[in-house]
Amino acid sequence: MQIYHIPWIYTPVRTVLAIWHQLTKTEITELTKGSVMMRERSRVEDTIYAMQKAGPGSLQVISDFDMTLTRFAHKGKRLPTTHNILNNRLLINEDSTKKMKELLNTYYPIEIDPSLSLAEKLPYMVTWWTEVHELLIQQRIRKDMLARVVRESSAMLREGYRVFFDCLAEHRVPLLIFSAGVGDVLEEVIRQNDVFHPNLHIISNYMDFDHTGVLQAFKGQLIHSYNKRDVTLSHATALRELHGRPNVLLLGDSLGDLNMADGVSEAQNILTVGFLNDQVEERKESYINSFDIVLLKDETMDIPNVILRHIVSPEMEWPLCSGGSCMNAALGEPPSHSYYWIHLNDLQRAVTCAHTFLQRNPEDQEMLQLMEEYKSEYDLNGFLVDHEERFYEPSFVSGVKLFNSGNYNSSIEHLEEALRLYLQEYDLCQAECEGIGHFSSDRDFYALLADVYIDTLKCKIQCEENLMPNVGGYFVENFVPTIYHYLQYAYYKLNDGRRAVPCAYSYFLFQPEDPVMKHNLLYYKAYSPQWGLQSQHLTPRTEALRYYNQTVTQKLMLTLVGKYLEMNDEDFRGPEENGLLSSESPDAEFEGVGDYEESIFANWRQMKGKGDAGKADI
């Protein structure tokens with residue numbers, strides 16, 4: 001296995017001019033991705049700022065479902081809509097399957113044709129939806145079969161969906177799903193993904209079953225891609241919970257979705273996000289002219305999640321409980337900001353700041369007593385929000401709990417999501433470090449560049465520590481290898497050796513002296529034929545190797561720079577480079593009582609690997 005160490009002179013550092021530009025610029029970094037298109041970037045950021053200032057109590061989210069909350073394609077294969085999920089031999093016959101495909105091939109090109117106006121498309125959409133519904137009614141579909149066909153389908157919610165649904169539920173932000181699909185199927189998809197929360201409202205085409213559970217009709221007004229404005233106006237008075245929420249985040253994949261917010265009374269700020277999934281070049285111009293943000297072939301919820309994070313973030317609205325002030329809480333400094341808000345008779349801000357402080361300092365008696373006083377006097381339901389919680393922390397905690405309960409399938413889903421979100425945040429942190437240098441015009445140019453490089457390097461090394469998750473007052477060190485440790489065993493328990501082994505090698509990359517994992521790897525090699533393993537499986541995962549090279553190389557470079565510039569910066573040295581400069585074993589700090597596995601897994605249930613003294617349950 002080749003581990004690359006890149007000479008520091010080739011490490012990319014922006015020019016002085018670019019650094020100055022970065023220092024004087026305020027932006028939402030994630031919106032600079034190549035897949036994100038905006039007509040007026042400044043207006044988008046101003047709208048997000050206004051929504052953030054108003055807070056989550058003024059926000060509602062209105063979203064389409066098919067191809068908006070669900071993926072359009074996966075690994076090059078088109079995924080089904082809620083109507084197409086019903087195209088299953090358990091529900092409809094071969095002749096109806098053929099007719100549904102013919103209708104799709106006839107009317108879908110019309111639906112997405114940029115040369116036709118909405119008025120021209122309207123009659124075709126009515127015909128399409130009506131004929132499909134008539135076909136489904138003729139098949140006498142049974143209600144008790146819906147859960148099975150959803151489970152057997154390839155339909156998938158977009159990557160990051162759990163963060164999206166859970167964030168809205170946590171902050172009590174209503175989510176109105178406005179779909180031209182089949183409401184019964186839509187609900188089942190959401191339920192099977194465990195994100196059907198009380199804040200959810202759905203307007204869709206619902207099936208009408210008779211007393212025996214057989215489909216006999218569709219309820220109410222027909223909803224298709226281009227009549228959502230008429231439907232939303234007719235439902236406006238019924239959705240009382242949405243009243244008094246003048247800020248709207250609207251998500252859709254069709255120009256017809258832009259009218260979904262027309263029923264919002266006294267709207268103040270509406271931010272529209274359009275997923276452009278198909279025929280991108282042909283339709284890009286019309287989408288950019290219509291939506292505030294256009295996402296080109298983006299199968300994730302990353303951008304909506306970033307927008308939500310900025311809106312519900314306290315960074316601008318609650319300056320005394322954000323940034324450095326809440327970081328002081330993490331460092332154990334007196335939580336004066338909680339007292340500040342209680343003196344101003346602002347219970348919500350006082351409680352959330354106190355709760356945030358206790359997540360990092362669970363043994364602080366003064367704050368525990370204060371929180372008990374809050375609980376005895378007030379109903380704190382909905383106020384206990386951790387404003388320093390990272391996006392990946394809930395997924396990690398859920399994954400560990402599911403792992404410990406033996407639900408390995410769901411555990412893997414949460415842990416993989418936690419890993420993906422963490423690495424995404426890590427990359428953003430690395431990018432933000434590129435513009436942190438300070439300089440003056442009277443400095444020598446090369447000395448200036450050296451200083452900027454060193455500052456950038458220090459900042460990048462600090463990312464790993466700054467992003468370390470905190471769970472119940474305990475910081476989870478070595479977070480990335482910890483996730484790989486859980487994943488390798490979970491995949492093993494599911495007899496998926498081809499996924500388990502790369503996770504084992506990924507963990508071993510960071511902890512090469514771990515005796516349990518050494519034994520595991522020997523076991524996997526010995527039984528390679530039984531597991532169907534090839535040489536490509538006996539290596540770390542790509543993102544693990546990249547993360548390892550990045551973190552180790554940066555620390556090594558800072559050590560070398562310190563050596564040549566006679567710096568004394570030991571605070572930024574990690575175990576890897578100290579091992580390189582020390583005569584003792586690089587893993588000495590993990591030996592003896594309180595070694596690595598005990599310190600990492602003491603507060604979690606330590607996993608039994610193949611090297612443990614138990615029988616392998618294959």
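- Side-chain contact between V61 and F164 is present, with at least one heavy-atom pair separated by less than 4.5 Å.
- Note that CG of L31 is 5.5 Å distant from CD1 of I48, once rounded to the nearest 0.5 Å.
- Atoms OG1 and CG, on T68 and N277 in that order, are 7.0 Å from each other to the nearest 0.5 Å.
- A cation-pi arrangement, defined by a distance under 6.0 Å to the six-membered ring centre and an angle within 45 degrees of its axis, is absent between R158 and F72.
- Considering only heavy atoms from C-beta on, L86 comes within 4.5 Å of L146 through its side chain.
- Looking only at distances, no side-chain donor or acceptor of S398 sits under 3.5 Å from a matching main-chain atom of S395.
- Under the side-chain contact (heavy atoms from CB on, under 4.5 Å) criterion, D166 pairs with R162, V195, H197, sequence neighbours left out.
- In this structure, the side chains of L251 and P304 come closer than 4.5 Å at one or more pairs of heavy atoms.
- If you look at Y422 and F396, their ring centroids are not closer than 6.0 Å.
- The two atoms that bring P80 and S154 nearest to each other are CD-OG, 3.2 Å, heavy atoms only.
- N409 pairs by the side-chain contact (heavy atoms from CB on, under 4.5 Å) definition with N407, L494, not counting sequence neighbours.
- Across all non-hydrogen atoms, the minimal contact from F275 to D298 is CD2-O, 3.7 Å.
- The side-chain heavy atoms of E188 and Q192, taken from C-beta on, include a pair separated by under 4.5 Å.
- Rounding to the nearest 0.5 Å places NE2 of H171 at 4.5 Å from SG of C167.
- The ring-ring contact (aromatic ring centres under 6.0 Å, His included) check on Y426 picks up Y547, with sequence neighbours excluded.
- Rounding to the nearest 0.5 angstrom, the gap separating the OH atom in Y507 from the CG atom in D514 is 3.5 Å.
- Relative orientation of the W531 and Y492 rings is tilted, given thresholds of 30° and 60° on the angle between their planes.
- Counting all heavy atoms, side chain and backbone alike, I461 lies closest to Q554 at CD1-O, 3.5 Å.
- Residues passing the side-chain hydrogen bond (donor to acceptor under 3.5 Å, both in side chains) test with N305, sequence neighbours excluded: none.
- The pair R499-D496 counts as a salt bridge, with a side-chain nitrogen and a carboxylate oxygen less than 4.0 angstrom apart.
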Verdict with reasoning, S411 to Y486, per side-chain contact (heavy atoms from CB on, under 4.5 Å): CA-CA 9 Å; S411 172; Y486 278 110; 5.9 Å; no
CA sep, side-chain torsions, deciding dist, call: T32, V36, side-chain contact (heavy atoms from CB on, under 4.5 Å): CA-CA 7 Å; T32 62; V36 180; over 6 Å; no
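- Judged as a salt bridge (charged side-chain N to carboxylate O under 4.0 Å, His left out), and not counting sequence neighbours, the contacts of R546 are D427.
- Residues satisfying the ring-ring contact (aromatic ring centres under 6.0 Å, His included) test with F196, not counting sequence neighbours, are none.
- From L538, atom CG reaches atom CZ of R498 across 11.0 Å, with rounding to the nearest 0.5 Å.
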Check against side-chain contact (heavy atoms from CB on, under 4.5 Å), D302 and E30: CA-CA 9 Å; D302 289 349; E30 295 86 347; over 6 Å; no
CA sep, side-chain torsions, deciding dist, call: F508, K518, side-chain contact (heavy atoms from CB on, under 4.5 Å): CA-CA 8 Å; F508 194 66; K518 280 183 178 180; 3.5 Å; yes
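- Between the side chain of E299 and the main chain of A73, a donor-acceptor pair closer than 3.5 Å is present.
- Within the 4.5 Å cutoff, the side chain of V185 has no heavy atoms near those of the V149 side chain.
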Residues C429, C463; criterion disulfide bond (SG atoms under 2.5 Å apart); working and verdict: CA-CA 6 Å; C429 181; C463 285; 2.0 Å; yes
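- When all heavy atoms are compared, the tightest approach of E417 to G160 is OE2-CA, 3.4 Å.
- The shortest distance between side-chain heavy atoms of M517 and Q488 falls below 4.5 Å.
- Between L457 and M557, some side-chain heavy-atom pair lies under the 4.5 Å cut-off.
- Using a distance-only test at 3.5 Å, with no hydrogens or angles considered, a donor-acceptor pair links the side chain of T539 to the main chain of Q536.
- A search for salt bridge (charged side-chain N to carboxylate O under 4.0 Å, His left out) contacts involving E187 returns R191, not counting sequence neighbours.
- Checked against salt bridge (charged side-chain N to carboxylate O under 4.0 Å, His left out), D278 has no partners two or more places apart in sequence or in another chain.
- Annotation for S405 and L402: closest pair OG-O, 2.8 Å, computed over non-hydrogen atoms.
- Partners of E159 under the side-chain contact (heavy atoms from CB on, under 4.5 Å) rule, at least two apart in sequence or in another chain, are R71, T300, R420.
- Expressed to the nearest 0.5 Å, how far CZ of F403 lies from OH of Y489 amounts to 6.5 Å.
- Taking the charged nitrogens against the carboxylate oxygens, E425 and R309 do have a contact shorter than 4.0 Å, which makes a salt bridge.
- What you find for A500 and Y524 is that their closest heavy atoms are CB-OH, 3.8 Å.
- For the side chain to side chain contact (heavy atoms under 4.5 Å, CB included) test with L276, the passing option among L296, L295, D253 is L296; the others fail.
- Side-chain rings of Y392 and F479 approach one another, their centers coming within less than 6.0 Å.
- Judged as a side-chain contact (heavy atoms from CB on, under 4.5 Å), and not counting sequence neighbours, the contacts of E152 are N88, L90, R148.
- Between the T70 side chain and the M67 main chain, a donor and an acceptor come within less than 3.5 Å of each other.
- Among residue pairs with one or both ends in residues 524-542, those qualifying as salt bridge (charged side-chain N to carboxylate O under 4.0 Å, His left out) are E416-R541, R541-E543; sequence neighbours excluded.
- Although no hydrogens or angles enter the test, the distance criterion places no donor-acceptor pair under 3.5 Å between the side chain of H519 and the main chain of P515.
- Judged as a side-chain hydrogen bond (donor to acceptor under 3.5 Å, both in side chains), and not counting sequence neighbours, the contacts of T82 are D66.
- Not one N or O on the side chain of N478 forms a donor-acceptor pair closer than 3.5 Å with the backbone of P481.
- In this structure the side chain of Q550 never reaches within 4.5 angstrom of the side chain of K460, judged on heavy atoms.
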